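Side chains included, hydrogens not; waters and symmetry mates left out as well; all remaining heavy atoms used. Just so we're clear, the structure is a prediction, and the values are computed from it rather than from any experiment. FYI, the numbering just counts along the sequence from 1.
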Amino acid sequence: MFRTVLVCAAAVTLAANAVQAQGFSGATLGIDYTKSLENADLGGVNYYGQAEVEAVAGISFALDLTFYDFIIAGGDAQNVTGHAIYALDNQISVGAYFGRDWIDGDTINTYGVQGAYVYGAGIAQGYIGLGDGVYDDILLIGAAGNYGFGGGISAVGSLDRVGFDGGHGLSLEVGGEYALMNGPTFTGVLGRVSTDDNDELYIGIKARIDLGHQGGTTFDRRGFFEAYRAPSL
């Protein structure tokens with residue numbers, strides 16, 4: 001596990017450094033920890049890296065690498081997702097993505113479209129996607145928002161739903177974050193995961209470092225386990 005995390009972090013960092021002269025605009029390195037409030041034995045940790053490069057004016061490409069450790073549920077998974085992004089102006093960006101998850105020797109492909117809107121101190125984004133692989137007829141849809149109050153303090157929230165042949169999952173998170181000046185950002189959330197078999201209330205503690213003049217990437221991570229969070233709990 002540790003070796004995989006190092007490889008992910010190194011790949012994103014090297015990619016960012018290599019393309020800095022060719023339009024590197026932002027990158028993020030982070031870790032997410034979740035813990036069930038209803039079952040002390042359930043929880044998970046995600047490690048991730050993201051990097052974005054502006055190819056020409058308004059057109060960018062981004063890469064996400066994520067490692068999921070489903071602590072108690074057992075096993076782990078990995079994700080690689082690429083994004084193609086077009087900035088219509090300083091407020092609106094649209095894009096497409098394609099990603100692949102690996103879990104227990106099986107693969108899950110997901111692909112879709114996404115959009116982001118910057119409104120004053122707030123940012124909203126959403127996506128809709130399809131998928132196939134170990135599960136059939138995958139449909140993913142989600143939205144997330146962030147609103148800054150000043151002093152590095154923001155309110156955050158997200159809603160993700162995934163349906164597939166044989167099941168579904170719905171994840172809701174609300175919380176807040178605090179960004180240190182020229183330093184990391186810490187986030188705390190209260191969430192709920194609902195599936196065909198179970199509902200779990202959980203807390204999440206997250207930390208990330210945003211790099212580059214853009215301060216991170218345009219879009220959040222995408223993938224099957226970004227929407228279907230039940231294995232982490």
Side-chain angles (χ1 to χ4, degrees), residues 28-50 64 66-73 77 79 81 97 99 101 110 112 114-119 121-129 131 138-149 152-164 167-179 184-210 215-233:
T28 298
L29 293 173
I31 180 172
D32 301 341
Y33 171 79
T34 56
K35 184 70 172 178
S36 172
L37 293 176
E38 302 177 53
N39 188 332
D41 292 330
L42 299 181
V45 183
N46 306 332
Y47 309 87
Y48 66 91
Q50 300 172 272
D64 307 338
T66 307
F67 178 87
Y68 304 93
D69 183 1
F70 305 136
I71 299 176
I72 302 300
N79 169 273
T81 298
Y97 69 90
D101 293 270
T110 56
Q114 53 195 344
Y117 177 57
V118 178
Y119 54 99
I123 302 173
Q125 59 178 281
Y127 68 93
I128 184 168
I138 298 172
L139 174 65
L140 308 102
I141 186 168
N146 179 311
Y147 188 84
F149 298 104
I153 299 174
S154 301
V156 298
S158 66
L159 178 65
D160 298 275
R161 188 186 191 283
V162 57
F164 54 92
H168 86 283
L170 181 68
S171 302
L172 172 67
E173 288 187 353
V174 293
E177 68 179 28
Y178 178 67
T185 297
F186 300 97
T187 306
V189 298
L190 177 66
R192 188 165 193 87
V193 171
S194 300
T195 68
D196 292 329
D197 303 319
N198 197 20
D199 291 331
E200 289 286 345
L201 191 66
Y202 67 91
I203 58 170
I205 301 172
K206 311 178 183 184
R208 72 177 191 271
I209 298 176
D210 295 322
T217 57
T218 302
F219 290 108
D220 291 340
R221 307 190 311 277
R222 304 285 180 243
F224 183 79
F225 294 110
E226 292 301 317
Y228 189 63
R229 299 176 187 166
S232 295
L233 296 167

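- Asn198 CG to Glu38 CD: the interatomic distance, rounded to the nearest 0.5 Å, is 7.5 Å.
- No hydrogens or angles considered: nothing links the side chains of Glu226 and Asn79 as a donor-acceptor pair under 3.5 Å.
- Residues Tyr127 and Asp160 have side chains that bring a donor and an acceptor to within less than 3.5 angstrom of each other.
- Atom CD1 of Ile153 and atom OH of Tyr178 lie 7.0 Å apart (nearest 0.5 Å).
- Within the model, atoms CG of Leu139 and NE2 of His168 stand 12.5 Å from one another, a figure rounded to the nearest 0.5 Å.
- For the pair Gly148 and Ser154, the tightest heavy-atom approach, listed with the atom from each and the gap, is CA-OG, 3.5 Å.
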>> Test side chain to side chain contact (heavy atoms under 4.5 Å, CB included) on Leu190 and Leu201; report intermediate values, then the result.
In response: CA-CA 8 Å; Leu190 177 66; Leu201 191 66; 4.2 Å; yes
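- If you look at Phe225 and Phe70, their ring centroids are closer than 6.0 Å.
- With rounding to the nearest 0.5 Å, the separation of CD1 in Ile203 from OH in Tyr33 is 7.0 Å.
- Panel note: side chain Thr81, backbone Arg222; a donor-acceptor pair is recorded below 3.5 Å.
- The OH atom of Tyr47 sits 7.5 Å away from atom CZ of Phe67, with the distance rounded to the nearest 0.5 Å.
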>> As a quick check of understanding, evaluate side chain to side chain contact (heavy atoms under 4.5 Å, CB included) for Gln50 and Phe219, giving each step before the final call.
In response: CA-CA 10 Å; Gln50 300 172 272; Phe219 290 108; over 6 Å; no
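- For the pair Asp101 and Phe224, the tightest heavy-atom approach, listed with the atom from each and the gap, is OD2-N, 3.2 Å.
- Considering all non-hydrogen atoms of both residues, Gly223 and Leu140 come closest at O-CD2, 3.9 Å.
- The side chain to side chain donor-acceptor pair (under 3.5 Å) test with Thr28 is passed by exactly one of Thr185, Asp210, Asp64, Thr217: Asp210.
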> Can you check side chain to side chain contact (heavy atoms under 4.5 Å, CB included) on Asp220 and Gln114, steps first, answer last?
Replying inline: CA-CA 10 Å; Asp220 291 340; Gln114 53 195 344; over 6 Å; no
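- Rounding to the nearest 0.5 angstrom, the gap separating the CG atom in Leu159 from the CG atom in Leu170 is 5.5 Å.
- Between Asp32 and Arg229, none of the side-chain N atoms (NZ, or NE/NH1/NH2) sits under 4.0 Å from a carboxylate O, so this pair counts as no salt bridge.
- In this structure, the side chains of Ile205 and Lys35 stay at 4.5 Å or more apart for every pair of heavy atoms.
- The aromatic rings of Tyr228 and Phe164 sit perpendicular, their planes meeting at an angle over 60°, well past the 30° parallel limit.
- Side-chain N or O atoms of Glu177 include none that pairs as donor or acceptor with a backbone N or O of Lys206 at under 3.5 Å.
- For the residue pair Glu200 / Ser36, a side-chain donor-acceptor distance below 3.5 Å is found, with atom types taken as modelled.
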